[in-house]
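For reference, the structure I am asking about is given below.
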There are 2 protein chains.
Amino acid sequence: MKKNQLPVKTLERLILYKRLLSEVQNRGQQTVYSHQIAQLVGNSAVQVRRDLMQIGFSGSSRNGYVIKDLLQAIEKTLNNAYQQKMILLGVGNLGKAILTYFTCQQPLFNLVAAFDNDPNKVNRVIGGCRCFPLEKLDELVKQEQIKLAILTVPAFEAQNLANKLIYLGIKGILNFAPVTLKVPDSVICEQMDIMLQLEKLAFLTQQKDEVNYAKV
Amino acid sequence: MKKNQLPVKTLERLILYKRLLSEVQNRGQQTVYSHQIAQLVGNSAVQVRRDLMQIGFSGSSRNGYVIKDLLQAIEKTLNNAYQQKMILLGVGNLGKAILTYFTCQQPLFNLVAAFDNDPNKVNRVIGGCRCFPLEKLDELVKQEQIKLAILTVPAFEAQNLANKLIYLGIKGILNFAPVTLKVPDSVICEQMDIMLQLEKLAFLTQQKDEVNYAKV
DNA sequence: TTCACGATGTGAATCATTTCACAGGGGCAA
DNA sequence: TTGCCCCTGTGAAATGATTCACATCGTGAA
Ligand SMILES: NC(=O)c1ccc[n+]([C@@H]2O[C@H](COP(=O)([O-])OP(=O)(O)OC[C@H]3O[C@@H](n4cnc5c(N)ncnc54)[C@H](O)[C@@H]3O)[C@@H](O)[C@H]2O)c1
Ligand SMILES: NC(=O)c1ccc[n+]([C@@H]2O[C@H](COP(=O)([O-])OP(=O)(O)OC[C@H]3O[C@@H](n4cnc5c(N)ncnc54)[C@H](O)[C@@H]3O)[C@@H](O)[C@H]2O)c1
């Protein structure tokens, strides 16, 4: 097995570059320098160049990078990541927000269906996406060959539901519940942990404040 | 200046340990081994021990760690991070979900007020938190000495609002808008980038799939 | 045509994080 | 009491990420 794997950190930055380059392009700009990208993304120019090196993209030393080509190169690397079908489970407050956001704003992903076990939520259309009862899960996942799921159910339900999803063939889970899911090696689970980030932020600001005091 | 800074990665894990240990404790367990924590958090036992080393906490070789003491030690490290006051800006779909979650579930933080510039949202109570018009921002932030803010406004408003917040003395921002905010060194900005995580997930699962094919 | 400048691309150094490997300790069984 | 087992704590190695430093190149000005 080769080690041509893109480092995850680089992957994350490439996604940022892409987003940002689209904007810049929409403003009519044709080329960028690494230090411009760096500036916009809060980065160093060397790091940008290294990242582009990873995907084998070259610019010209005089004009920097041609935005159109660069975007294409990044998209080619991320390629098959787009337009993958996905489902969402748990149409509560958070789930609804995400559903709405998706269907309004994001042409990138294909959010096929939502599921909930609350009879009041079922069979309604929320943010352009139909909400099905849990009983339909099997059928739909198999039929549509879904590989990705967003989990916005209560924490104590998350592992159970994840197990079911995995059993049905889901390969990637974006989990908002504040629990660490046990998943087999063949499945990837990303954690969106809002509270954790907040605690972290609270700690870091407070710590920085102390350092500032110490300096004085 | 000393280098007694807690590594960020360790910080994140400590928060997880804390969360998890509370649960375990509630189930009546008194002590844990590092490998048990590791198991629950999806980690290695060595890493757990190293993390605890960082905060100078010791267990006994026969019985592992006393949960009560360990929790206390972690809380002591994170100490002042709790009960800090914070505000939320942008009471849209996402903002509402977070507000509701907070006031219902999280005794950890003190979400003091929400702000929006939409007259329809203003002066209502959402999830137990009052929504103020933007004009009240100055007054309230200064009066209550707010240091933390959650940003759930549209992307194109985010930087402006962030500038204002920083000017008013905010030191930490949790930003949900998909833009990289420019902030001075004295301010910390954490990004909660849902779409980025999804793209990442989509890429990784798809990549893993390819690797699996290659194996066969 | 030549030179100098301001970019890129990249080996090597540095810094950060994780893992390895093992010393040390304490209790329990015999 | 002895020996063993399973734990913790940690120096040192390995791995991963970032930064430094510089060779290189293409262009525009002289
Ligand atoms: N809302 C937030 O800001 C926020 C922040 C951090 C974490 N979270 C986490 O996100 C998750 C959802 O939060 P929320 O605020 O939307 O909660 P919520 O209670 O509003 O929504 C949960 C939804 O899941 C549904 N559900 C319950 N069990 C289910 C099952 N077995 N199958 C399918 N659907 C099921 C419920 O009917 C409900 O609609 C929770 O785990 C929460 O801890 C939310
Ligand atoms: N909802 C999601 O799932 C989701 C996912 C990813 C990212 N985001 C990001 O989160 C942010 C909010 O998303 P949303 O779905 O809640 O959008 P939304 O449009 O529902 O909410 C935005 C809110 O901000 C308010 N607002 C606008 N300008 C303001 C200003 N200057 N000051 C104060 N309030 C202002 C609006 O009145 C509105 O209530 C956006 O930046 C979006 O890109 C949301």
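In what follows, chains carry the letters A, B, and so on, assigned in the order in which the sequence lines appear, proteins first and then strands, with residues in each chain numbered from 1. Values below: every heavy atom of this structure, side chains too, minus hydrogens, waters and symmetry copies.
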With sequence neighbours excluded, what pairs up with B:Glu157 under the side chain to side chain donor-acceptor pair (under 3.5 Å) test?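 If we apply the side chain to side chain donor-acceptor pair (under 3.5 Å) test to B:Glu157, skipping adjacent residues, there are no hits.
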Which residues pass the salt bridge (Lys or Arg N to Asp or Glu O under 4.0 Å) test with A:Arg50, not counting sequence neighbours?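 In terms of salt bridge (Lys or Arg N to Asp or Glu O under 4.0 Å), with neighbours along the sequence ignored, A:Arg50 is linked to no residue.
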Protein-nucleotide distance (B:Leu70, atom CG; D:dC7, atom P), rounded to Å: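 That distance rounds to 17 Å.
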A:Glu12 CD - D:dA17 C1' separation (whole Å):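 Interatomic distance, CD of A:Glu12 to C1' of D:dA17: 13 Å.
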Any residue of residues 42-50 of chain A with a heavy atom less than 4.0 Å from an atom of DNA chain C: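 Result for residues 42-50 of chain A: A:Val46, A:Arg49, A:Arg50, sorted by number.
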Check salt bridge (Lys or Arg N to Asp or Glu O under 4.0 Å) between B:Glu23 and all other residues, then give those that pass, not counting sequence neighbours.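 With neighbours one apart ignored, the set is empty.
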Grab the CG-P distance between A:Asn63 and D:dC25 for me, whole Å please.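 Spelled out: CG on A:Asn63 to P on D:dC25 is 17 Å.
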Expressed as a whole number of angstroms, how long is the span from B:Tyr33:OH to C:dG26:P?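 Spelled out: OH on B:Tyr33 to P on C:dG26 is 15 Å.
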Value in whole Å for how far the P atom of D:dT19 lies from NE2 of A:His35: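 Taking atom P of D:dT19 as the reference, NE2 of A:His35 is at 17 Å.
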Where do N or O atoms of nucleotides 13-16 of chain C meet protein N or O atoms at under 3.5 Å, pair by pair?
none

According to the ring pair (Phe, Tyr, Trp, His ring centres under 6.0 Å) rule, which pairs have a member within residues 149-195 of chain A, sequence neighbours left out?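 Non-adjacent pairs meeting ring pair (Phe, Tyr, Trp, His ring centres under 6.0 Å): zero.
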Could you list the residues that satisfy side chain to side chain donor-acceptor pair (under 3.5 Å) with A:Lys18, not counting sequence neighbours?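 A:Lys18 satisfies side chain to side chain donor-acceptor pair (under 3.5 Å) with A:Tyr82, B:Glu199 once adjacent residues are dropped.
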Can you check whether A:Asp193's main-chain N or O pairs, donor with acceptor, with A:Gln191's side chain at less than 3.5 Å?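 No.
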State which residues pass side chain to side chain donor-acceptor pair (under 3.5 Å) with B:Ser34; sequence neighbours excluded, sorted by chain then number.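 Side chain to side chain donor-acceptor pair (under 3.5 Å) list for B:Ser34, sorted by chain: B:Arg49.
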Given A:Leu89, which partner from the list A:Leu134, A:Ile150, A:Thr152 fulfils the side-chain contact (heavy atoms from CB on, under 4.5 Å) test?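 Going through A:Leu134, A:Ile150, A:Thr152 one by one, the side-chain contact (heavy atoms from CB on, under 4.5 Å) with A:Leu89 is satisfied by A:Leu134 alone.
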Starting at atom CD of A:Gln36, determine the distance to atom P of C:dG6, rounded to an integer number of angstrom.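 From A:Gln36 CD to C:dG6 P: 15 Å.
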Where along residues 52-62 of chain B does a heavy atom fall under 4.0 Å from DNA chain C?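 Here the set is B:Ser61, B:Arg62.
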A:Lys9 has an atom NZ; how far is it from atom C1' of C:dT18, in whole Å?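 Going from A:Lys9 (NZ) to C:dT18 (C1'), I get 13 Å.
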Grab the CD1-C1' distance between A:Ile37 and C:dG9 for me, whole Å please.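 Those two atoms, CD1 and C1', are 14 Å apart.
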Suppose we screen for side chain to side chain donor-acceptor pair (under 3.5 Å). Which residues come up paired with A:Thr180, at least two apart in sequence or across chains?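 A:Thr180: no side chain to side chain donor-acceptor pair (under 3.5 Å) contacts found.
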Partners meeting side chain to side chain contact (heavy atoms under 4.5 Å, CB included) with B:Ala113 (sequence neighbours left out):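 B:Ala113 satisfies side chain to side chain contact (heavy atoms under 4.5 Å, CB included) with B:Ile87, B:Phe115, B:Phe132, B:Leu140 once adjacent residues are dropped.
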Please list all pairs meeting ring pair (Phe, Tyr, Trp, His ring centres under 6.0 Å) that have one or both residues in residues 12-48 of chain A, counting only residues at least two apart or in different chains.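 Checked against ring pair (Phe, Tyr, Trp, His ring centres under 6.0 Å) - neighbours excluded - the pairs reaching residues 12-48 of chain A are A:Tyr33-A:His35.
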